[in-house]
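Worksheet: the structure to be examined is printed underneath.
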Amino acid sequence: MKKFLLAFVLGAMLSGGFTYMTVSASPEIYEKQVVTVHTGDTLWDIAADWSGKEEDIREVILRIQKENKLTGSDLSVGQRLVIPVRRTVADVIAEQNERNAGRAQLAAK
């Protein structure tokens with residue numbers, strides 16, 4: 001009986017752990033936006049403008065540098081940068097639902 005109870009508890013703990021990992025590890029999607037550098041813009045400022053709520057700006061800077069093959073943080077006025085903007089699957093689905101709701105309203109008119 002003790003072995004059965006122990007096996008049940010361990011199974012429940014493992015199952016709960018895998019469920020948590022599945023729910024919390026939402027895949028990331030990167031959408032590319034293009035921006036033009038203006039006078040006074042810094043890589044930090046641009047990354048801050050395009051970072052998510054709980055996203056480390058330094059990670060965004062690294063993505064921008066990698067995407068644009070930058071070796072430092074020097075920018076030139078007029079330079080065009082590709083910004084990989086992180087989105088979750090949930091964000092994409094929510095946006096699609098909003099678009100579909102708008103289309104349904106237009107179709108109903």
Side-chain angles (χ1 to χ4, degrees):
M1 181 65 176
K2 286 184 181 181
K3 288 182 183 179
F4 174 77
L5 183 59
L6 179 62
F8 177 78
V9 169
L10 285 174
M13 288 172 51
L14 287 174
S15 174
F18 288 126
T19 301
Y20 174 75
M21 287 180 1
T22 302
V23 171
S24 65
S26 181
E28 295 174 348
I29 299 169
Y30 292 97
E31 215 173 69
K32 296 181 181 180
Q33 300 289 331
V34 178
V35 299
T36 302
V37 177
H38 294 51
T39 303
D41 284 349
T42 66
L43 198 52
W44 183 275
D45 294 335
I46 292 169
D49 288 344
W50 291 96
S51 64
K53 296 176 197 171
E54 297 179 19
E55 196 170 17
D56 187 341
I57 294 174
R58 293 168 293 191
E59 291 176 13
V60 179
I61 289 172
L62 290 174
R63 282 201 313 265
I64 294 170
Q65 288 174 321
K66 183 178 178 182
E67 183 69 32
N68 295 279
K69 297 178 177 76
L70 301 175
T71 55
S73 60
D74 294 334
L75 301 175
S76 302
V77 173
Q79 181 178 2
R80 293 171 55 89
L81 294 175
V82 176
I83 313 296
V85 181
R86 184 174 76 177
R87 310 220 15 227
T88 63
V89 171
D91 292 337
V92 173
I93 290 171
E95 186 176 287
Q96 288 174 346
N97 288 340
E98 286 177 18
R99 276 194 220 131
N100 290 340
R103 289 180 186 149
Q105 286 176 349
L106 288 174
K109 290 182 179 181

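Source: prediction; values computed, not measured.
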Taking all non-hydrogen atoms of both residues, which atom of I57 and which atom of S51 are closest, and how far apart?
CG1-OG, 3.9 Å
If you take all heavy atoms of L43 and G72, which pair is closest and at what distance?
CD2-O, 4.0 Å
For [X], which residues count as a salt bridge (Lys or Arg N to Asp or Glu O under 4.0 Å) partner, sequence neighbours excluded?
{"X": "R86", "value": "E28, E55"}
{"X": "R87", "value": "E31, E95"}
{"X": "K32", "value": "E67"}

Which residues share a side chain to side chain donor-acceptor pair (under 3.5 Å) with D56, sequence neighbours left out:
R58
Drop me the distance from N68's CG to I83's CD1, to the nearest 0.5 angstrom.
6.5 Å
Suppose the criterion is side chain to side chain donor-acceptor pair (under 3.5 Å): which pairs have a residue in residues 35-46, not counting sequence neighbours?
T42-D45
Connected hydrophobic set around L62, excluding itself, where side chains approach under 4.5 Å
none
Could you walk me through whether W50 and I64 pass the side chain to side chain contact (heavy atoms under 4.5 Å, CB included) test, one step at a time?
CA-CA 10 Å; W50 291 96; I64 294 170; 5.9 Å; no
Taking distance alone, no hydrogens or angles, what donor-acceptor pairs closer than 3.5 Å link side-chain atoms of residues 73-81 to residues at least two apart or in another chain?
| from | atom 1 | to | atom 2 | distance (Å) |
| --- | --- | --- | --- | --- |
| Q79 | OE1 | S76 | N | 2.9 |

